[in-house]
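Below is one structure, written out as structure tokens, with a few remarks after it.
Numbered from 1 within each chain, the chains take letters A, B, ... in sequence-line order. These numbers were taken from a predicted model, which means no experiment stands behind them.
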Amino acid sequence: MSGPVEGEAAAPPAVTPQAPNDPAAPAKTDPKETKPADDGASKKPSGAELKKLKQLEKQAKRAQAKAIVPPATQQGGPPKENQKQREQKQSQKKDESRPLPIRRRPSQSNAVPQQQAKKESTRGQKNLGLFFGHLYSQPRQHSMVGASKDVHPAVLALGLQYSSYVICGSTARMVAMLLAFKAVIESYQTPVGTSLARHLTNHHLSPQIDYLRSCRPLSISMGNAIRWLKDLIIKIDPSTPEAEAKRDLVEEIDMFIRERVTAAQKLIRDQAATKILPGDVILTYASSSIVEQTLLQAHKAGVPFTVIVVDSKPLFEGKTLARKLANQGITVRYYLITGASHAVKDASKVFLGAHAMMSNGRLYSRVGTALVSMLARSHSLPVLVLCESVKFTEKVALDSIVGNEVAPASEILSEAERASLLPLEPHLPATHPSKNKAEDKHAADDAKSGPLDVIKWVEGSDNLHHLQVLYDVTPAEYINMVITEYGSLPPSSVPVVHRLSTNT
Amino acid sequence: MAQGITQLAPGLISFLKSLKTTPADPSVEHLISLLKRRQIRNSRPCAIATTALMLRVVGEFKGRDAAKLVERIRQVGRRLTAAQPREVVVGNIVRRVLGLVREVLDDNTGDSHTGSDAGHNTPTHHDSMTRPTLSSSISTFSPLRHAAAEPMDASMTSEMSDSSEFNRRPPLLTSHTSYAPTTSAPLVNSLFGLFSQPDDSNASTPTGAASPDGKSAHSLNLERLADLSRSTNIDLKSEVMDGIRELQDELEQSDEQIAGVALEHIHSNEIILTHTASTTVQKFLLSAAKKRKFTVVHAETYPHDNTATHGILLTGRKRETRLDEDEDPWKPLTAAGIPVYVIPDSHVFAIMSRVNKVILATHTVLANGGLVAAAGAHMIAKAAKEHRTPVVVLSGVYKLSPVYPFDIDELIEYGDAGRVVPYEDGEFVDKVDVEHPLYDYVPADLVDLYITNLGGHAPSYLYRIVADHYHTEDITL
């Protein structure tokens, strides 16, 4: 029994540490031209087949859509899918330093999304390959339908909160995940014949993680935390009684949250708050919990300053931040990103939150951050990034295209915007595929079918795509200072701090 | 439903309709109120409305006194620009019409006096002259200018008599640092002929005939006006009206002319980023799409223009032209087989590394080569600069303004904050200062190329085109 289990167990860990293992080797050694072929070759035995399999499964799944999915395909489905995804993801991340998307497009992503597009009506995903095709590996899960039966209810709930952005922000997501994992561990029973250290990571935690990933790609901080947790579990002495091991784990998780998040945030905000001087106008983009804490702390300390919140659609996270700050009595001005060049004129400092800090000193954060820091730099404003070291990663990125998270494009048009587009209906081109449909529907029930139709127009027109990603990469030269719990440093020191924080 | 709105909603269409039946003065009032209420907005509708109104005003002008016509146009123009100073195009059109009147005068007096070369030379003289004058002329709504120039205006307009002009002439001449601006010859010549110039300017009639620019042109014009009123054989009015009709044609054709050079600027498989809903840009891209395959990335310009942007991409129409019954609809880009990717504005930097060219639409182009365009244009241009991506600005010449941006903030219009945060969110609106700038000023150094209906120009050359189209004496209305 333990034989096959171990065999399987051995494979995924090589994948999960995500860092220096397999695809790095071909990446380094291959001259550029042989690269695609090699890429394909290394993947073909597993990758291509898996891809086909996955597509078939997905097709089946889609076909039955929201109906009950036969458990057979399901059981088989997720692990393979996930394995594949992980592989793909990994290779993507490895590739970040090279401008690969062009090469990748014909070889890989074309094949996958084309078929998806057909069945999914998500208009021509093949064309999205032009920019982010390599990221459309799987559609985001918005329900519990496809979840493996092993997934813990707490994780199920968490996944839904992820996919609907109820829990948003990389720190919040990581903490929520760890808390859910605590529940998972507490209710875990080691099956007979295996040890906790071996079984928990690969057979119990992995499905949870895979489910979370299917709801929304893991954040860097989550990846770091998962790696830490797996490391911890594997190191558990097999002789430790199960109850004790579980208690230790739960305590360790609590400790991790306390040390790496709570205490770190306190240190950072203490330090960052001292950077706010009387009369400052602090500009911030979107919403970061640590920036919010810093501003509130400075406000409580009695420093008179005002805040400019720059925000963007579709998440409007900055609105929440602006509301919170205003409720505390801080003078807040609110701009959308289109007005950013006006906003920076009045600002004196820029505080940014981070999704992750890359090892090449670049900031990976909410899309639009790069624009704001670019404008700030052109106005010679200091740009300060507040970031816990748990969000540091050894990954590097040069642009925002190779590694990113694609969000559903239908989110671009809000309900109100769709409604305001409705009067255009009579002017849709006659060739428009959805036109006839839409007309029929309108004849039937005019008001009701409205706003959703607009999405159909967009999906129906062959060449029109809505594109949305969640992050962008800010060049290191726009950033003046990164404030972490290890101190304030230039972005070039990120890799050092990352080593410090992971080795201790 | 759309028909009903057409009848009711005041705007360009209703104005043009009413213009057919209403006399000039009420029409002026009508347009002023429309401008004030922002029921006519954006450059093209403003330009069309102003030109139509000018046609009407000139058409109803009684009498043959050119000075009075100039004064009448100025007076209307001043009121229109005061109604909506940020629609710089209104002022541009008025200046163009004034220029027409002067041109007609130049031509006619030139014919009767010293031969045809005076009128012929006019543009070139202006070219060399206008630069110094331009930099010292200030936007019509700048407080600075009001302080400095209003009295002059008043004197000029209240009594346009020969004597007052001549009285003003000497101080004006001495106010120039050199005599160069008043010389008739182009700059190059004037350098060679430095010493001969005082003689020229001292000679009475030849100077007038040969130097129709600068302040001396005023006196010249007045002489001519006097002549003109004597020689009744010139139909000033009809010539000016012909000119205005030509201006209307230019407005109509500028998009096509700009689109005509599209193939020179877009090559196959390019990725082109643009923003907001601009007819000019869409036609430009469409014209390129006939021959080439490329990809368009379209920033939606939320919250100001996003509806129009989505509309133009879905149907080839903006919201506002929807009401237009006879405007020729064109196919959306997507129907021409061009893949279009709509991105939120925040994605500009992320996408820019893959973009080959940025094409910007504009609201107004200023004399220094900078432009005022829909909000977000500045960060797009800046991101393009950071990525060394060329930025191309498409603009009809009618958007080119002699206004020099001394105070950029004056040019920026702020819009309805309710578009940013809906007023239903009362608590938020109450506590937070929500701002919604509609336009951005893009400095000239972020632009690589301007394409107008006259061709492509470097931003540094724009002053010259401005000089070609506006007479210096009209720069301050």
- line: Shortest non-hydrogen pair, A/Lys313 vs B/Ser346, comes out as O-OG, 4.2 Å

message: Tell me which of these, A/Val307, A/Ile337, A/Leu371, A/Val332, has more heavy-atom pairs under 4.5 Å with chain B than the rest.
response: A/Leu371

- request: With the side chain counted from C-beta on, respond yes when A/Ser341 and B/Lys382 share a heavy-atom pair under 4.5 Å apart, and no when they do not.
  value: no

message: Tell me the closest heavy-atom pair linking B/Arg354 and A/Ile401, and the distance in Å.
response: CG-CD1, 2.8 Å

query: Do you know which of A/Asn327, A/Asp472, A/Val473 has the most heavy-atom pairs under 4.5 Å to chain B?
result: A/Asn327

message: Are more than 12 heavy atoms, taken from residues, nucleotides or ligands other than A/Lys345, located less than 6.0 Å from that residue's NZ atom?
response: yes

- request: Check for a donor-acceptor pair, side chain of A/Thr338 on one end and backbone N or O of B/Thr301 on the other, with a separation under 3.5 Å.
  value: no

- line: Answer key: most heavy-atom pairs under 4.5 Å with chain B among A/Ser312, A/Gly329, A/Pro475, A/Ala370 is A/Ala370

statement: Between A/Lys319 and B/Phe428 the two heavy atoms that sit nearest each other are O-CE1, 3.2 Å

query: With side chains defined as the heavy atoms from C-beta onward, is the minimum distance between B/His436 and A/Tyr334 less than 4.5 Å?
result: no

Contacting moiety of B/Asp345, where chain A heavy atoms sit under 4.5 Å: both

query: Do side-chain atoms of B/His347 reach the backbone of A/Val367 as a donor and acceptor pair under 3.5 angstrom?
result: no

task: Please name the pair of heavy atoms, one in A/Ile412 and one in B/Pro344, separated by the smallest distance, quoted to 0.1 Å.
output: CD1-CD, 3.9 Å

task: Could you tell me whether B/Asp425 and A/Arg323 have a side-chain N and a carboxylate O separated by less than 4.0 Å?
output: yes

- prompt: Under 3.5 Å, is there a donor-acceptor pair linking the side chains of A/Tyr478 and B/Glu386?
  reply: yes

- prompt: Is it the side chain or the backbone of B/Leu333 that comes within 4.5 Å of chain A heavy atoms, both, or neither?
  reply: neither

Stepwise ring-ring contact (aromatic ring centres under 6.0 Å, His included) check, A/His465 with B/His298: CA-CA 10 Å; A/His465 317 279; B/His298 207 126; over 10 Å; no

Test log, rule side-chain contact (heavy atoms from CB on, under 4.5 Å), inputs B/His310 and A/Leu413: CA-CA 9 Å; B/His310 287 297; A/Leu413 286 177; 3.3 Å; yes

- request: With a 4.5 Å cut-off on heavy-atom pairs, point out which of A/Ala343, A/Gly339, A/Ala322, A/Ala340 contacts chain B the most.
  value: A/Ala322

message: At a 4.5 Å cut-off on heavy atoms, which part of B/Ile338 comes close to chain A: side chain, backbone, both, or neither?
response: backbone

- request: Take A/Leu467 and B/Ile351 through the side-chain contact (heavy atoms from CB on, under 4.5 Å) test and state the conclusion after the steps.
  value: CA-CA 10 Å; A/Leu467 182 65; B/Ile351 286 283; 4.0 Å; yes

- prompt: Does the side chain of A/His342 come under 3.5 Å of the side chain of B/Asp409 through a donor N or O and an acceptor N or O?
  reply: no

Validation row: B/Val342, A/Leu464 side chains within 4.5 angstrom (heavy atoms): yes

message: If I take atom NZ from residue B/Lys385 and atom OG from residue A/Ser378, how far apart are they, to the nearest 0.5 angstrom?
response: 13.0 Å

statement: The interface call for B/Val296 against chain A, heavy-atom contacts under 4.5 Å, is neither

message: Are the side chains of A/Glu417 and B/Asn306 in contact, using a 4.5 Å heavy-atom criterion?
response: yes

- request: Locate the shortest heavy-atom distance separating A/Asn463 from B/Gly337; write the atom from each residue and the value.
  value: ND2-CA, 3.3 Å

Verdict with reasoning, B/Tyr341 to A/His466, per side-chain contact (heavy atoms from CB on, under 4.5 Å): CA-CA 6 Å; B/Tyr341 296 82; A/His466 283 183; over 6 Å; no

Interatomic distance, B/His387 atom NE2 to A/Asp399 atom CG [nearest 0.5 angstrom]: 7.5 Å

- line: Most heavy-atom pairs under 4.5 Å with chain A, out of B/Ile380, B/Asp430, B/Ile343, belong to B/Ile343

